[in-house]
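Data first, discussion second: the structure below is written as structure tokens.
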Amino acid sequence: MDINREIARLNTRQKEAVMHTEGPLLVLAGAGSGKTRVITTRAAYLLHTGIQSGSVLAVTFTNKAAREMKKRVLSMLNGKKNRRPVISTFHSLCLNILRREIEHLGYRKDFTIYDTSEQLSLLRSILNDIKFHDKSFKVESVLDRISRSKNNIIPLSDKESSGQDDLGIISDVVYPKYHEALKTLNVLDFDDLLLLTLKLFREHPAILENYMERFRYIMVDEYQDTNRVQYDFIKLLAGERKNLCVVGDDDQSIYGWRGANLGNILDFEKDFSGTVVVRLEQNYRSFGHILQAANGVIKNNKKRMDKSLWTAGGAGPRVNIFKAVDGDDEARWVIDRISLIQYEKRISYEAFAIIYRANIFSRPFEEALRRKRIPYSVVGGTSYFDRKEIKDLAAYLKIIANSRDDLSLLRAANTPRRGLGHSAIRKLADFAQDNSISLLEAFMRAGEITGLGTRASGSAIEFAGLISRYSDLFMKNREMGKVFRSLTEEINYRDYIYELYKTPEAAVRRVENLEGFIDSLSHYETEGKSPSLHGFLETLALTDLLKEKEEKTGRGVTLISFHSSKGLEFPVVFIAGVEEDILPHKKSMYLDGAVEEERRLFYVGITRAMKELYITYTDHRVKYGKNAPATPSRFLDEIPDEVIKRLDGTEKTDPKQDEKDANDFFANIQAMLGSRNKN
DNA sequence: CTGCCTGATCTTTTT
DNA sequence: GATCAGGCAG
């Protein structure tokens with residue numbers, strides 16, 4: 001594909017964004033306005049104008065976005081493989097920098113990364129150590145506080161108005177201990193990746209200078225989702241040159257609750273003088289009526305940059321609103337409707353999505369779908385619980401890669417059981433402490449520990465031997481997959497699985513996971529340029545291999561939360577449970593600005609729809625076991641009357657309008673089938 | 001260790 | 001009302 005032809009296909013605004021290469025640029029990209037296309041074309045264009053390969057940096061939040069962009073840029077750069085931008089997530093960009101430079105901060109180079117569950121077990125063990133057993137505090141909330149303070153995003157109101165609450169006090173006590181523990185374990189958490197890179201840049205201007213020289217053109221995707229640390233990092237890297245292009249949509253900022261700072265995008269012009277602002281308002285996704293509904297809703301927000309979506313396409317059918325009796329009725333009605341549309345119009349089930357506020361609402365829809373034997377897939381939820389075997393084996397790999405990771409060592413040492421009980425572990429840990437050595441070294445020297453039984457010390461020594469033997473093998477051997485397989489065989493992990501899971505089906509599934517895990521290592525090894533165990537563990541930490549597989553297998557009707565739906569599109573969308581206390585959520589009503597975020601959520605949901613949009617709510621809904629009356633969401637009133645079609649007899653509809661709607665819909669089936677891949 | 005009971009909680013999620 | 005974590009007894 002030729003870059004000039006690509007540019008010729010853009011609209012005026014998009015072109016403006018692509019061709020404006022020097023100085024700060026803010027691209028306000030409305031939903032469905034071809035945002036990704038602009039970023040990728042811009043990257044390709046920059047390289048085309050002769051800018052050095054590797055000087056163009058595009059930062060995203062998710063691996064999925066990064067992957068998609070790489071693919072598209074690559075296809076535009078056909079024949080010029082030597083020219084390619086750096087496209088990376090915040091986290092993996094920082095990880096790469098730290099791998100190279102972290103010694104300047106007094107850390108070791110061979111660190112490994114802890115995921116959330118490992119952070120939690122570390123915290124639990126710290127709380128145990130300080131004999132803090134107050135069960136009114138959840139470890140999760142302590143971790144949340146620590147993470148917030150690491151990201152420098154605790155709202156002032158927390159510290160000042162409410163004073164220091166109890167959770168804050170305990171978090172303040174635990175934070176330094178947690179930090180210290182990570183350092184001795186030679187481990188970083190996700191927040192550290194960003195935070196330490198920022199620290200590195202601040203404390204070592206020469207290093208920052210290096211990276212500023214390297215990345216001369218910076219682009220940031222989903223800028224409305226950046227937090228304080230990310231903002232500082234980008235600002236520092238952009239330096240005086242300020243060839244910084246940020247792309248985002250303040251109207252789609254829905255992650256304020258986890259630290260995203262809407263101010264970053266709203267104040268961009270102020271922060272970077274001379275900013276050029278380009279608004280992308282032409283929408284290529286949805287019919288006009290859907291956009292009118294979206295515009296009508298979002299314009300009620302005070303904190304936003306004024307803009308409004310439009311389409312060169314048709315108005316399409318009106319937005320359908322249905323009031324159900326209760327939650328079950330709502331689910332039944334939605335599924336009947338899906339069934340009807342799919343039968344009449346011969347569209348595949350993949351064309352439908354049901355969007356809700358909280359994952360718990362998927363339940364009645366799942367049941368109704370199952371009853372009708374309609375295929376579906378639920379996106380999100382916490383399904384990553386059932387991967388114990390992955391965590392077990394990852395613990396082995398982690399202690400092999402990082403001999404200081406005591407926590408992983410403990411997990412590995414007892415799975416499968418190796419006859420090392422509480423007291424033996426206690427003695428080993430004390431010995432390590434007294435001699436200020438790592439736990440693994442203590443295992444090696446278990447023979448020296450007085451009061452440790454011969455059986456226990458034998459076990460410990462044997463385990464330490466196993467780890468060091470495999471450390472060597474992983475270092476030397478080029479076939480890590482094979483080495484790993486022999487490790488799992490040596491520890492009889494398969495037998496352990498069969499022992500653990502009574503039913504054969506469960507055991508078989510686990511064994512499949514085990515096999516899949518080994519395969520993913522082999523696969524990583526053959527794909528990558530210079531594979532290493534550390535590299536594999538990084539991929540594991542920064543990308544969820546299992547989850548990505550699930551995404552691909554996603555079949556049938558999609559059940560999804562507002563949050564997860566961002567960035568996706570579906571021909572026919574149902575938004576369910578549009579009621580007060582659900583949307584806006586009950587807990588958002590007291591928080592300043594939170595209702596506006598709820599409104600954005602609704603806006604995101606509406607703008608997922610390409611051809612048809614259905615909004616449902618109920619008269620009564622079962623809440624906490626009680627059947628309580630429900631009130632339609634205040635946001636419903638914000639949709640202009642003329643684009644609404646009531647399907648519940650609340651309003652008399654003009655039969656002629658109905659016929660017109662049906663015709664519009666029919667006329668667009670072709671488009672619906674052929675336009676899944678926009679842009 | 002396992003399984004049962006009790007009580008607390010009931011938004012959203014990526015890396 | 002359902003679910004899950006943590007406590008406690010066996």
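In this text, all values refer to a predicted model and were calculated from it rather than measured experimentally. Sequence lines set the chain letters: A, B, ... in the order given, protein chains first and strands last, and positions in each chain run from 1.
- Looking at heavy-atom distances under 4.0 Å, A:Arg600 makes no contact with the nucleic acid at all.
- Judged by distance alone, with hydrogens and angles left aside, A:Thr116 brings a side-chain donor or acceptor within reach of the base of B:dT15, the pair sitting under 3.5 Å.
- Residues A:Tyr493 and A:Asp392 bring a donor and an acceptor atom of their side chains to less than 3.5 Å of each other.
- Applying the 4.0 Å criterion to OP1 and OP2 of B:dT12, one finds that A:Asn359 has a side-chain N or O inside that range.
- Here A:Asp110 does not pair with A:Arg404 in a salt bridge; the nearest charged N to carboxylate O distance is not below 4.0 Å.
- Contacts of A:Ser588 with the nucleic acid, taken as non-hydrogen atoms under 4.0 Å apart, are absent.
- The CD-C1' distance, from A:Gln230 to B:dT14, rounds to 10 Å in whole Å.
- OP1 or OP2 of B:dT14 has not a single side-chain nitrogen or oxygen of A:Lys64 nearer than 4.0 Å.
- Protein atom CD1 of A:Ile113 is 17 Å distant from nucleotide atom P of B:dT14, rounded to whole Å.
- The distance between atom CD of A:Glu140 and atom C1' of B:dA8, rounded to the nearest whole Å, is 14 Å.
- Taking atom C1' on both B:dT13 and C:dA2, the two are 23 Å apart, rounded to the nearest angstrom.
- By the 6.0 Å and 45° rule, A:Arg99 stacks over the aromatic ring of A:Phe111.
- Defined by atom type and a distance below 3.5 Å, a donor-acceptor pair is present between the side-chain atoms of A:Asp191 and A:Asn151.
- In this structure, the NZ atom of A:Lys587 is 11 Å from the P atom of B:dT12, given to the nearest Å.
- Counting any heavy atom pair closer than 4.0 Å across all strands shown, A:Tyr624 reaches a base atom.
- Under a 4.0 Å N-O distance rule, the pair A:Arg621/A:Glu579 qualifies as a salt bridge.
- Taking the six-membered ring where tryptophan is involved, the planes of A:His563 and A:Tyr255 are tilted, since the angle between them lies from 30° to 60°.
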Strictly under 3.5 Å: I want the nitrogen or oxygen pairs between protein and nucleotides 1-7 of chain B, one per line.
from, atom 1, to, atom 2, distance (Å)
B:dC1, OP1, A:Arg417, NE, 3.2
B:dC1, OP1, A:Arg417, NH2, 2.5

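- For A:Arg363 and C:dA2, the CZ to P distance is 8 Å, given to the nearest whole Å.
- Checked against a 6.0 Å centroid threshold, the rings of A:Phe233 and A:Phe201 count as neighbours.
- Rounded to an integer number of Å, the gap from A:Phe361 CZ to B:dC10 P is 14 Å.
- Comparing B:dT11, B:dT13, B:dT14 by their nearest atom to the side chain of A:Thr62 picks out B:dT14.
- No hydrogens or angles considered: a donor-acceptor pair under 3.5 Å links the side chains of A:Tyr376 and A:Glu366.
- Between A:Asp191 and A:Ile360, the one whose closest nucleotide on DNA chain B sits nearer the 5' end is A:Ile360.
- Side-chain proximity of A:Arg124 to B:dT15, C:dG6, B:dT13: nearest is C:dG6.
- Residues meeting the ring-ring contact (aromatic ring centres under 6.0 Å, His included) test with A:Phe90, sequence neighbours left out: A:Phe61.
- Side-chain nitrogen and oxygen atoms of A:Asn63 include none within less than 4.0 Å of the OP1 or OP2 phosphate oxygen of B:dT14.
- For the pair A:Ile254 CD1 and B:dT14 P, the computed distance is 11 Å after rounding to whole Å.
- Here B:dT11 presents its P atom at 8 Å from NZ of A:Lys586, a figure rounded to the nearest Å.
- Between A:Ser564 and B:dT12 there is no side-chain N or O to OP1 or OP2 distance below 4.0 Å.
- Among the nucleotides B:dT15, B:dT11, B:dT13, the one closest to any side-chain atom of A:Trp257 is B:dT13.
- When the nucleotides B:dT11, B:dT15, C:dA2 are ranked by their closest atom to the side chain of A:His91, B:dT15 comes out on top.
- Distances from the side chain of A:His585 to the nucleotides B:dT11, B:dT15, B:dT14 place B:dT11 closest.
- One P atom belongs to C:dT3, the other to B:dT14, and the distance between them is 23 Å to the nearest Å.
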